[in-house]
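Encoded as structure tokens, the structure appears first; notes follow it.
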There are 2 protein chains.
Amino acid sequence: MRSDIPVTVLIRPQMGENIGAAARAMWNFGLDRMRVVAPRDGWPNPKAVAMASGAGRVLDEAQHYDDLDAAIADCTHVYATTARPRELTKPVMTPEAAMRDAAARIAAGERVAVMFGPERAGMENADIARATTIVTVPVNPEFPSLNLAQCVLLMGYEWRRATEEAPETRLEGQRTELAERQEIDALGAHWEERLDEAGFFYPETKAEGMRQNLRSLLARLPLTRADVQMLHGVMRQMVRWKDRG
Amino acid sequence: MRSDIPVTVLIRPQMGENIGAAARAMWNFGLDRMRVVAPRDGWPNPKAVAMASGAGRVLDEAQHYDDLDAAIADCTHVYATTARPRELTKPVMTPEAAMRDAAARIAAGERVAVMFGPERAGMENADIARATTIVTVPVNPEFPSLNLAQCVLLMGYEWRRATEEAPETRLEGQRTELAERQEIDALGAHWEERLDEAGFFYPETKAEGMRQNLRSLLARLPLTRADVQMLHGVMRQMVRWKDRG
């Protein structure tokens with residue numbers, strides 16, 4: 001069994017559909033270690049399997065427990081996801097901070113679990129007392145109702161963010177090589193020459209400012225080599241059209 | 001109409017239930033400006049209303065358009081959420097980077113939209129061509145299937161993260177004041193004295209190390225004042241019990 005990811009513990013889940021949706025949400029972000037504690041409708045659950053399509057393996061390999069203590073017995077650090085503040089004194093983390101913390105702990109050899117309560121009632125204080133840390137999603141206080149699978153999804157998303165090096169911004173496409181400055185310059189020169197012939201820079205007193213604005217505009221755009229070729233082509237075509245006229 | 005949040009644009013959504021679930025996901029994170037472009041089953045959609053319970057106002061105030069250009073006509077910056085790489089050349093951002101970017105643009109007076117494609121097919125290239133930027137959720141490549149409401153949820157979550165100052169970790173509870181070091185010391189001294197009387201630090205050769213370990217343990221725990229009182233009480237009670245014996 002993999003120990004490089006957190007265990008996802010569903011405490012007394014009610015609807016099979018929600019268990020299946022949670023399995024899908026887990027697998028969306030590469031999590032596949034589910035433990036199910038005292039599910040209302042027994043185990044295995046055919047409705048969970050039907051809902052989990054594509055993530056059925058998560059359910060096949062899920063472990064079933066009668067009580068929570070057994071489900072987290074081998075864990076060293078346990079997060080409880082709950083929206084409501086409790087009288088219990090615990091550190092409360094955002095999902096991001098919690099999953100970064102979890103990633104650091106797992107890297108150091110700890111065994112980590114993330115617990116989710118039943119759909120309606122949420123976790124009881126007796127469940128939360130088992131946790132080392134509470135995780136609360138910063139929802140709209142006017143409408144804090146996240147369902148089980150949504151909550152699992154957000155934790156999985158943050159887990160993946162904490163463990164995956166993804167560039168924050170990249171340029172994507174088949175011809176994404178950005179143009180070099182000399183190519184931008186050549187484009188500007190081409191356009192400027194033709195526009196000058198066309199009488200664009202008029203009146204004389206404003207011509208210099210207009211030339212600068214044109215060059216500045218082209219310099220500011222994140223043009224690829226393909227873009228530059230197309231803009232050359234645009235200008236050539238206008239000239240051809242004029243010449244044909 | 002509020003202009004301090006992004007507009008959420010649903011392009012040709014199919015199932016009313018998904019539109020309702022998207023409305024709920026938006027409102028979970030305080031977003032309530034929905035625009036619906038050419039929904040398959042017309043507008044308004046009773047199934048959307050039934051599903052949106054608690055977030056019905058988002059649908060009541062949603063705007064309906066026949067085509068995408070009209071829906072984003074008043075926007076200055078448009079994000080397209082799509083999982084698949086396209087031949088179009090665009091910057092691709094993570095949800096976090098995109099919503100931070102969106103927050104900065106809105107603060108500077110821009111009007112921002114986030115577009116979501118239809119459930120099965122996703123956005124067409126003609127839709128994506130309207131976008132200034134693509135947003136891709138870093139999902140598990142083996143199982144990248146996020147549904148419409150999940151995608152809306154993750155963008156709303158990142159919007160709220162980008163705009164809400166929430167402490168990453170806080171201590172929550174009714175009596176959360178952390179103990180001062182002198183209180184920890186006093187507790188250590190109390191325990192050490194009683195344990196010494198009880199013959200705990202034995203044999204003599206190991207006593208010093210055992211004392212250090214006890215003090216070190218107490219120093220390492222994030223004890224609140226209430227915790228310290230309880231641990232004093234524990235020790236006092238053990239002594240009382242012994243005295244009664």
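Below, chain A is the first sequence line, B the second, and so on; all start at residue 1. Because the structure is a prediction, the values reported are computed rather than measured.
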task: Report the option among B/Ala149, B/Gly30, B/Ala25 that has the most heavy-atom pairs separated by less than 4.5 Å from atoms of chain A.
output: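 Greatest number of close heavy-atom pairs with chain A: B/Gly30.
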task: Give the member of B/Pro144, B/Gly156, B/Pro95 that has the highest number of heavy-atom pairs under 4.5 Å with chain A.
output: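 Heavy-atom pairs under 4.5 Å are most numerous for B/Pro95.
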- request: Select one option (side chain, backbone, both, neither) describing which atoms of B/Tyr157 are under 4.5 Å from chain A's heavy atoms.
  value: side chain
query: At a heavy-atom separation under 4.5 Å, does B/Ala55 approach chain A through its side chain, its backbone, both, or neither?
result: both
- prompt: Between B/Leu154 and B/Phe29, is any pair of side-chain heavy atoms under 4.5 Å apart?
  reply: no
task: Determine whether B/Glu183 and B/Arg225 make a side-chain contact, defined as any pair of heavy atoms from C-beta on separated by less than 4.5 Å.
output: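 B/Glu183 vs B/Arg225: side chains touch.
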statement: Looking only at A/Val139, A/Asn147, A/Val137, A/Leu146, most heavy-atom pairs under 4.5 Å shared with chain B are made by A/Val139
message: Taking side chain as everything from C-beta outward and backbone as N, CA, C, O, which of these in A/Val135 sits under 4.5 Å from a heavy atom of chain B? Side chain, backbone, both or neither.
response: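 A/Val135 has no heavy atom closer than 4.5 Å to chain B.
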message: Less than 3.5 Å apart, any donor N or O on the side chain of A/Ser145 or B/Arg24 sitting next to an acceptor on the other?
response: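 Yes, side-chain donor-acceptor contact under 3.5 Å.
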message: Side chains of A/Asp227 and A/Thr224: any donor to acceptor distance under 3.5 Å?
response: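 Looking only at side-chain atoms, A/Asp227 and A/Thr224 do form a donor-acceptor pair, the distance falling under 3.5 Å.
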message: So which atom in A/Leu68 and which in A/Met115 form the shortest heavy-atom distance, rounded to 0.1 Å?
response: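 Shortest heavy-atom contact: CD1-SD, 3.7 Å.
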